[in-house]
Amino acid sequence: MKKYDPLKICKEEVINSLDSALKGLGYNEAELKLETPPEEKGDIALSCFALAKVAKKAPQEIAQEIAGTIVLKGNIEKCENDGPYVNFYINKQKLAEITLEAVLGLGDDYGESQPIGKKIILEHTSANPTDKLHIGRARNPIIGDTLARILKKAGFDVETQFYVDDMGKQAVTLSYGIKMWDTKPPDDDSLGPYQYGSKLSNTSSGAEAIKDMLQKLEKGDPETSEKVRKDTKMVMDKDITLSLSKINVEVDRYVHESQFVQDGSVEKVIDALKKSNYCENEEGAFYIDLEPLSGKKAKFFFTRSDGTSLYATRDIAYHLWKFEHCDEAINILGEDHKLESEQVKVGLKILDLDKSPEVIFYSFVSLPEGRMSTRKGRVVFLDDLIAEAVERAKNEVIKRREDLPEQDIQEIAKMVAIGAIRYNIVGVQPEKKIVFKWEEALNFEGNSAPFIQYAYARASSILKKAEELGLKEYDDYDPSLLDHPSEFNLIKEMARFPETIAECAKRRSPHLLAAYSFGFASMFNQFYRDCPVLGCDDDAIRIVRLALVAAAKTVLHNSLFCLGIEAPQKM
RNA sequence: GGGCUCGUGGCCUAGUCUGGAUAAGGCACCGGCCUUCUAAGCCGGGGAUCGCGGGUUCGAAUCCCGCCGAGUCCGCCA
């Protein structure tokens, strides 16, 4: 497996020679942490501060000793002492050889790890099926889908799930809004069915009707269940699943909340929680006191006084089911769900489950005017963002490529627009809040998806022209002919891809992949400037550069794929 | 008021987990590069008391404490 990870091969060689050198010098218990030195100071470095502490010697001295005794072999050609550091230099031609072999040999599989044999259920989005998605909620599928793609590449068996809330007050409110629409439509035509139901819930008759429907729903009344299912499905199909597919997000499984009420598992959760020592009762409603269990000064109500369940109660049943089907569960949730998530974790612990979901919380997206609010009409919907992005991208394409037919322009505009949206959101750490600005969300240059797509299009264009020139065979390239720094920088960055994927998966950090992809595209652009491929007058060099371009194209493709961004052949 | 999160050039972000080599990019600004594979690109330049104050350490953007500012939660809502 390690032969698929060129950088790892080199690092292991460094570790092996360090091991023997350190043993020879009497530093037996050393734990070796390798780092990446600044440019021009080699490829792999060992800092000797930790050793200095154990050996009670100056780190400079130790570094010097190591550099003096180390025996190098394989792909490492040089080792230098620089102050408290030992810097290792990889043989550039050899790195080129093993990297190109790995990338060209594996193609789309380059960067992929062997199957780990672990199943992860990754729940994301799970937006209320009451309304269309706005850009704040859109952070959820973008983080979730990207992470799912990365985890798959890293060897996990991943299933993504969307938890459809077809129970509870909001679902009933939607249904009631739709029901009343026929009898007496709202005066205010800006209201959607959910907002209408919500408005009616402020009247005593509305509140009464909703409460009545809710009880029927929870007791499994067939007519009510059927209506709510139908109404929520309508919103899911029309407003949510469709929007998600526009940004390249396909969810593997939609899990309905009602399932857990109907199969009795929610009832079992309630019974079990009631037996807990931390359970208390307030006017007929049951709750768990969270303070002794998690230090949070809050009451976790898991039934209403009429005995019906609450959201977190049902979520516990869902998680019990989840853990019957996976080894690890990851949830992507808005930061407003922190307490609810804590309730679920506490509930699972009370029910003696030793597993707990790992949760990634993201901060809200706000507008420059302030927090988004549907009620105040201060909101940007995902569909509108997409439409605007496609429109602007189309103008950009037309500006540059008036030669292309309408259909190509449209396709490229779509790829660029969706890419820009996804990249812009996934590039930021989830816990940082985002203030939405059109010019940033639709940024098409610099650190953006189109920058990466452009590098891909350039690589594609070279290969296509090569083929037209009859140069489609470059299997017998000779890596030893490479010697330009831009070629080696590109190779080095390429060699880092498998490690990057593994790191992103381990840290559950999709934003690191965005940064890597941008850096790699930048390397490619520098190579493009410095090293003519088709125009190269030496046949053999042209061949090896073609191989390099093909490999770069593969890495760009694999990066973009994991980011859920399409790779255009031309733009 | 209490809990959790965030604070890095004019603006946006990486680096924080795991403390180490001159704090890394992008946008904007200034100056260059299209008779050679797509200028959505490339090269150069200016611009940072890493919110503030203490502490730990040979060494702190990074770890600890306090303060200030912002977000979020503290519903028999989801």
Side-chain angles (χ1 to χ4, degrees), chain A residues 33 35 37-38 41 45 47-50 52-53 58-59 82-85 87 126-128 130 165 167-171 173 257 282-287 290 294-299 301-308 310-312 314-315 334-340 342 361 363-364 366 371 393 396-397 399-401 416 424 427-435 437 439-440 443-455 457-466 469 507 509 511-512 514-515 518-519 521-522 524-526 528-536 545 549 570-571:
Chain A
K33 226 192 76 195
E35 44 193 274
K41 287 185 185 289
S47 97
C48 298
F49 294 99
K53 211 160 213 171
D82 183 350
Y85 297 93
N87 296 327
S126 299
N128 277 323
T130 50
D165 179 6
M167 291 293 299
K169 200 182 252 175
Q170 326 240 348
T173 303
E257 202 173 339
E282 192 173 291
E283 293 171 27
F286 288 89
Y287 70 88
L290 289 180
S294 75
K296 298 269 190 308
K297 280 184 203 145
K299 294 172 181 175
F301 278 93
F302 61 91
T303 75
R304 296 190 180 88
S305 52
D306 64 5
T308 53
L310 288 146
Y311 178 78
R314 300 189 290 270
D315 208 3
E335 62 175 333
D336 55 335
H337 273 63
K338 281 186 180 174
L339 185 59
E340 188 270 343
E342 189 64 31
F361 294 104
S363 291
F364 281 171
S366 61
R371 193 181 168 168
E396 297 296 320
V397 182
K399 218 158 61 184
R400 293 162 235 261
R401 299 293 303 267
V416 165
N424 197 261
V428 180
Q429 288 179 32
E431 58 269 29
K432 306 229 181 188
K433 51 185 172 270
I434 292 180
V435 178
K437 299 196 185 90
E439 60 273 27
E440 280 169 19
N443 176 27
F444 294 152
E445 35 186 65
N447 189 358
S448 68
F451 180 97
I452 303 163
Q453 292 171 314
Y454 187 64
R458 277 178 150 180
S460 303
S461 173
I462 291 174
L463 295 173
K464 183 160 174 274
K465 286 200 169 137
L469 294 168
R507 290 178 57 180
S509 295
H511 76 277
L512 297 176
F518 174 66
S522 181
F524 181 77
N525 282 331
Q526 288 165 41
Y528 186 90
R529 171 204 60 202
D530 292 332
C531 305
V533 180
L534 301 176
C536 179
R545 282 186 179 165
V549 171
K570 55 189 168 189
M571 66 185 275

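Each chain gets a letter, A, B and so on, in the order its sequence line appears, and its residues count up from 1.
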By the 4.0 Å heavy-atom rule, please label P37(A) as base, sugar-phosphate, or nothing.
base

Categorize F364(A) for me: base, sugar-phosphate, or nothing, with a 4.0 angstrom heavy-atom threshold over every strand shown.
sugar-phosphate

Respond yes when some side-chain nitrogen or oxygen of K169(A) is under 4.0 Å from OP1 or OP2 of G75(B), and no when none is.
no

Per-nt protein contacts along nucleotides 61-68 of chain B (heavy atom under 4.0 Å; B base, S backbone sugar-phosphate only, - none) come out as --------

Can you measure M167(A) atom CE to C77(B) atom C1' for me and round it to whole angstrom units?
14 Å

With distance as the sole criterion, do the side chain of S461(A) and the base of C37(B) form a donor-acceptor contact below 3.5 Å?
no

Any side-chain N or O of R458(A) below 4.0 angstrom from OP1/OP2 of A40(B)?
no

Scan nucleotides 11-16 of chain B nucleotide by nucleotide, 5' to 3', and note B when protein non-hydrogen atoms come under 4.0 Å of the base, S if they reach only the sugar-phosphate, - if neither.
-SSSSB

Take the protein atom NZ of K464(A) and the nucleotide atom P of C37(B), then report the distance between them rounded to whole Å.
15 Å

Does R529(A) put a side-chain nitrogen or oxygen below 4.0 Å from OP1 or OP2 of A39(B)?
no

Between CD of E335(A) and P of C73(B) the distance, given in whole Å, is 7 Å

Rounded to the Å, how far apart are E431(A) CD and C73(B) P?
18 Å

Let me know the distance between CG of D336(A) and P of C74(B), rounded to the nearest Å.
9 Å

Could you run through RNA chain B and flag its stems, i.e. three or more consecutive Watson-Crick or G-U pairs with both distances under 3.5 Å?
B:1-7 with B:68-74, B:10-13 with B:24-27, B:29-33 with B:41-45, B:51-55 with B:63-67

Row check, F361(A) ring normal vs K338(A) NZ/CZ: under 6.0 Å, within 45°
yes

